[in-house]
Amino acid sequence: MSKTFYNPPTLVLQQLGSVILMGFLNRWRGFPGWLMKYGLKSLPVANGATGMGCIGYPGHPVWEVTGACNLRCIHCHAVSGQREKDELSTDEGKKLIDMIAQEEEFRTIVFTGGEPLVRPDLFELLDHAKAVGLRSIIATNGHLIDEEVAYKLKEHGVVCNAISLDAANPEIHDRIRNKPGAFELAMRAIEATKKAGILLQINTTAMEYNLNELPRLIRLADSLGAGIMLMYQLVAVGRGEKIEKATLKKKANRSLSHIIREGQRLSKTIVEPVAGPQYWPYILEQGGIKNGFLLRLAGKVFHGCAAGRGFVYVKANGDVWPCPFIEVSGGNVRYQSFHEIYHHSPVFRDLRRREETLKGLCGECKYRTVCGGCRGRAHSYFGDYLAEDPRCFMNLTT
């Protein structure tokens with residue numbers, strides 16, 4: 001039996017409260033349209049969420065079911081693109097799904113990769129997730145999704161396809177994805193997803209190579225009928241290390257927050273940052289909120305970086321990371337219970353107490369609750385997931 005998004009009702013109120021506050025701060029004209037078109041379909045996707053934050057929402061377990069992929073994207077946090085020799089087996093995967101389902105705060109599961117659709121037993125795993133009450137989300141490059149596959153995903157319990165799209169310009173998208181024709185196949189997957197009645201999410205990675213494209217891409221996502229758009233920032237891990245120069249510096253990070261805010265104002269699609277938690281204090285300050293009751297209220301529904309505190313990333317071999325950009329394992333589900341790792345390993349304990357454990361400017365900042373800095377960037381640049389975020393722009397004066 002599914003864990004319902006409406007029980008307890010406070011979950012729906014928290015989700016709605018975060019959307020309303022975000023909409024108010026951004027002067028979101030598209031809110032009525034989003035509510036009518038996507039509101040009910042989005043609730044099962046954010047099932048159990050306690051608000052908005054980095055990588056969508058807290059209460060968000062992601063399993064990298066395989067390292068194998070049919071693309072070699074230039075920015076991927078993975079390196080090889082090949083199937084790992086020690087990936088969890090079907091039975092081990094089902095055991096992991098059972099352990100995730102036993103956690104009250106987790107009501108969805110995201111299957112990612114690599115490319116999840118290249119894993120032969122994916123539909124068996126989807127069926128198991130459905131049987132234990134979890135709603136499933138597929139994070140995919142879309143190349144293997146036609147109408148037949150989309151309807152099959154729907155039948156096996158998928159409530160959202162998160163399809164990667166990095167530019168409205170096909171040439172730029174294909175260059176980033178390192179494959180001619182990638183844009184056309186992504187568009188085919190988008191149309192098939194909508195036809196099957198699955199909520200469409202667009203995943204984008206912002207970098208210097210496509211920053212100027214992003215306003216147009218937000219408009220495209222809206223016109224394509226995306227209910228959600230996650231705007232990742234490039235973090236210099238995996239293949240992304242080779243293009244570190246394309247990561248957004250402080251001023252560009254601020255420009256991205258402005259692009260998201262302006263794009264959100266007119267779009268029916270909800271646009272949320274990933275690896276850019278400064279967006280939340282940015283929109284608060286743009287709305288004139290710097291202290292007082294409204295800032296404390298925002299801390300209840302804006303969570304900023306969710307790494308290790310609502311978000312968890314399980315590698316293909318069973319290692320449990322706080323997020324795909326923090327390459328620190330809290331343990332392995334082959335040898336420890338998921339519950340023990342998630343609740344008691346040092347890395348997760350540190351991140352769950354970030355108001356007390358953060359260092360440098362992040363540790364002193366009044367926005368520790370609504371932002372917290374990108375822990376993945378801190379780890380990438382300083383080797384310390386508790387260090388200050390080197391790309392925070394909140395103290396810039398020019």
Side-chain angles (χ1 to χ4, degrees), residues 1-25 28 31-32 34-63 96-111 126 128-137 157-160 162 198-199 201 227-228 230 270 272 280 293-314 322 337-344 348-349 351-355 369-370 372:
M1 183 176 180
S2 294
K3 297 179 175 182
T4 55
F5 63 82
Y6 50 81
N7 186 23
T10 50
L11 290 173
V12 178
L13 293 175
Q14 281 179 287
Q15 290 178 49
L16 187 60
S18 65
V19 172
I20 290 173
L21 181 56
M22 181 275 289
F24 168 75
L25 293 170
W28 185 19
F31 173 66
W34 174 85
L35 193 61
M36 289 186 289
K37 191 172 183 179
Y38 306 118
L40 285 177
K41 288 185 74 173
S42 294
L43 283 170
V45 178
N47 196 0
T50 55
M52 302 172 77
C54 177
I55 213 152
Y57 49 86
H60 194 95
V62 178
W63 175 23
L96 168 63
I97 292 168
D98 289 340
M99 288 190 285
I100 288 174
Q102 288 167 10
E103 297 295 321
E104 175 58 29
E105 68 181 291
F106 293 145
R107 301 173 180 219
T108 62
I109 181 169
V110 181
F111 293 85
L126 288 171
H128 191 75
K130 185 177 179 181
V132 298
L134 296 174
R135 308 292 183 100
S136 295
I137 299 163
V158 173
V159 296
C160 175
I198 298 173
L199 182 74
Q201 175 176 310
I228 303 166
L230 292 189
I270 283 185
E272 295 186 58
W280 305 105
F293 169 75
L294 284 178
L295 180 58
R296 292 193 296 273
L297 176 65
K300 302 293 184 183
V301 292
F302 293 163
H303 300 276
C305 178
R309 47 196 306 278
F311 184 85
V312 60
Y313 191 84
V314 183
S337 73
F338 178 85
H339 181 90
E340 175 68 22
I341 296 167
Y342 181 65
H343 290 282
H344 301 295
F348 284 92
R349 282 204 315 264
L351 292 168
R352 202 168 280 118
R353 296 170 47 246
R354 74 177 184 205
E355 287 80 2
T369 300
V370 297

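When reading the values below, keep in mind they use all heavy atoms of this one structure, side chains included, and skip hydrogens, waters and symmetry mates. Residues: numbered from 1 along the sequence shown.
Closest approach of Trp280 and Val370 over heavy atoms only: CB-O, 3.5 Å. Between Asp98 and His128, the shortest heavy-atom contact is OD1-NE2, 2.7 Å. Minimum interatomic distance between Ile109 and Ala129 (heavy atoms only, all atoms of both residues): CG2-CB, 4.1 Å. Of all heavy-atom pairs spanning Asn47 and Arg135, the tightest one is ND2-CG, 3.8 Å. Residues Val45 and Thr108 share a closest heavy-atom pair of O-CG2, 3.4 Å. Across Pro322 and Leu351, no two heavy atoms sit closer than the pair CB-CD1, 3.5 Å.
Leu294 is not listed as a side-chain neighbour of Phe24, based on a closest heavy-atom distance of 4.5 Å or more. Counting only heavy atoms from C-beta outward, the side chains of Phe111 and Val158 never approach each other to under 4.5 Å. At least one side-chain heavy atom of Trp28 sits under 4.5 Å from a side-chain heavy atom of Met22. At least one side-chain heavy atom of Phe348 sits less than 4.5 Å from a side-chain heavy atom of Ile341.
Rounded to the nearest 0.5 angstrom, Ser18 OG and Leu13 CG are separated by 11.0 Å. If you take CD1 on Ile97 and CZ on Phe338, they are separated by 12.0 Å, rounding to the nearest 0.5 Å. Put simply, CE on Met99 and CZ on Phe106 are 12.5 Å apart, with the number rounded to the nearest 0.5 Å. Atom-to-atom distance recorded for Thr4:OG1 and Leu43:CG is 11.0 Å, nearest 0.5 angstrom. The SG atom of Cys54 sits 9.5 Å away from the NE2 atom of His60 when rounded to the nearest 0.5 Å.
Applying the salt bridge (Lys or Arg N to Asp or Glu O under 4.0 Å) test to residues at least two apart or on different chains, the pairs with a partner in residues 305-314 are Arg309-Glu355.
Judged as a side chain to side chain contact (heavy atoms under 4.5 Å, CB included), and not counting sequence neighbours, the contacts of Glu105 are Tyr342, His343.
Results of the side chain to side chain contact (heavy atoms under 4.5 Å, CB included) test with Leu199 over Ile137, Val159, Ile228 single out Ile228 as the only residue that passes.
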Evaluate the criterion side chain to side chain contact (heavy atoms under 4.5 Å, CB included) for residue pair Ile100 and Trp63; output intermediate values, then yes/no. CA-CA 10 Å; Ile100 288 174; Trp63 175 23; 5.6 Å; no
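Between the side chain of Gln15 and the backbone N or O of Ala46, at least one donor-acceptor pair lies under 3.5 Å. Here the side chain of Arg354 pairs a donor or acceptor atom with the backbone of Thr369 at under 3.5 angstrom.
Within a 6.0 Å radius of CG in Leu40, other residues, nucleotides and ligands contribute 12 heavy atoms or fewer. Counting heavy-atom neighbours within 6.0 Å of Lys300 NZ, excluding the residue itself, gives a total of 12 or less.
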